[in-house]
Amino acid sequence: MANSGIQLLGFSLSLIGVVGLIVGTILPQWKMSAYVGDNIITAVAMYQGLWMSCAFQSTGQMQCKVYDSILQLDNALQATRALMIAGIIVSIAGLGVACVGMKCTNCGGDDKVRKSRVAMMGGIILLVGALCAIVACSWFAHNVIRAFYNPFTPVNTKFEFGAAIFIAWAGSFLDILGGAMLAASCPRSKQVSKYPSKASPHPPSSTKEYV
């Protein structure tokens with residue numbers, strides 16, 4: 001069975017990963033304005049996230065506005081929202097299941113084999129949640145790259161990656177690493193001996209009668 005230290009390390013990495021997913025989802029810096037033109041002088045930096053858009057002034061003030069209606073957003077942003085929320089919920093559920101099955105907890109009884117299976121199931125759930133978050137981040141990044149290199153996109157409306165998407169990516173990979181460690185808690189099947197048991201040293205007595 002897996003070592004309890006590996007389970008504890010996997011749970012800790014997954015917990016940090018889930019915190020990273022939550023922070024990355026909330027922050028508005030998923031993409032930031034990219035000034036790629038010549039002789040562009042501006043005092044405003046634009047940020048756009050999953051829930052709001054912000055303008056950063058040269059004075060150090062930031063003004064943010066929450067998106068008015070979900071129906072006004074494009075399908076890609078709505079899908080990214082849904083996948084990130086699903087990844088966070090599934091990952092939190094995986095943490096709860098893994099906590100029950102870890103060796104260092106008293107939950108779930110004293111059956112070590114059953115607890116290891118529960119911890120393995122929690123790790124698999126964490127992997128599914130991390131996969132949802134990675135798909136969301138990669139899809140959002142693909143749309144940013146495609147719009148950046150689109151020749152029909154105006155120069156002053158081009159965006160590049162912000163800090164929030166990197167935080168979400170880091171949280172996803174930590175979630176995957178921790179989930180993989182917990183999934184390694186699969187109990188080994190009992191080894192069956194390939195050799196038959198030793199025969200009795202005394203040969204069986206014959207029932208034949210000789211004349």
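Values below: all heavy atoms of this structure, side chains included; hydrogens, waters and symmetry mates excluded. The structure presented is a predicted model; accordingly, all values stated were derived computationally and were not measured.
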Examine [X] and [Y] and state if one hydrophobic cluster contains both, with Ile, Leu, Val, Met, Phe, Trp and Tyr joined whenever side-chain heavy atoms are less than 4.5 Å apart.
X	Y	answer
Leu8	Leu126	yes
Phe166	Ile88	yes
Val90	Leu131	no
Ile6	Leu9	yes
Ile22	Leu83	no

If you take all heavy atoms of [X] and [Y], which pair is closest and at what distance?
X	Y	value
Trp139	Ala79	CZ3-CB, 3.2 Å
Arg81	Leu50	NE-O, 2.5 Å
Leu21	Ala133	CD2-CB, 3.6 Å
Gly123	Leu182	CA-CB, 3.7 Å
Ser91	Val18	CB-CG2, 3.6 Å
Gln48	Ser53	CG-CB, 4.1 Å

Is a donor on one side and an acceptor on the other found under 3.5 Å between the side chain of [X] and the backbone of [Y]?
X	Y	value
Lys31	Val144	no
Tyr67	Gly49	yes
Lys158	Phe148	yes
Trp51	Thr25	yes
Gln7	Ala119	no

Let me see the working for Met32 and Met46 under side chain to side chain contact (heavy atoms under 4.5 Å, CB included), right down to the final yes or no.
-> CA-CA 6 Å; Met32 56 184 296; Met46 300 298 299; over 6 Å; no

Tell me, with the steps shown, if Trp30 and Phe140 meet ring pair (Phe, Tyr, Trp, His ring centres under 6.0 Å).
-> CA-CA 9 Å; Trp30 274 69; Phe140 190 91; 5.1 Å; yes

When you look at Ser138 and Trp169, which way does the side chain to side chain contact (heavy atoms under 4.5 Å, CB included) test go after all the steps?
-> CA-CA 9 Å; Ser138 301; Trp169 258 327; 3.7 Å; yes

Let me confirm one number: the [atom1]-[atom2] distance from [X] to [Y], rounded to the nearest 0.5 Å.
X	Y	atom1	atom2	value
Cys99	Phe11	SG	CZ	5.0 Å
Ile165	Ile167	CD1	CD1	11.0 Å
Ile134	Ser172	CD1	OG	5.0 Å
Ile125	Leu95	CD1	CG	10.0 Å
Ile26	Met84	CD1	CE	10.0 Å
Ile89	Ile85	CD1	CD1	6.5 Å

Step-by-step side chain to side chain contact (heavy atoms under 4.5 Å, CB included) determination, Met181 to Leu177 | CA-CA 6 Å; Met181 289 183 179; Leu177 185 58; 4.3 Å; yes

Would you indicate whether Met121, at its atom CE, is surrounded by more than 12 heavy atoms from other residues, nucleotides or ligands within a distance under 6.0 Å?
->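 No - once you tally the heavy atoms of other residues, nucleotides and ligands closer than 6.0 Å, there are 12 at most.
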
Leu127 and Asp175: CA distance, side-chain angles, deciding distance, side chain to side chain contact (heavy atoms under 4.5 Å, CB included) verdict | CA-CA 7 Å; Leu127 291 175; Asp175 207 358; over 6 Å; no

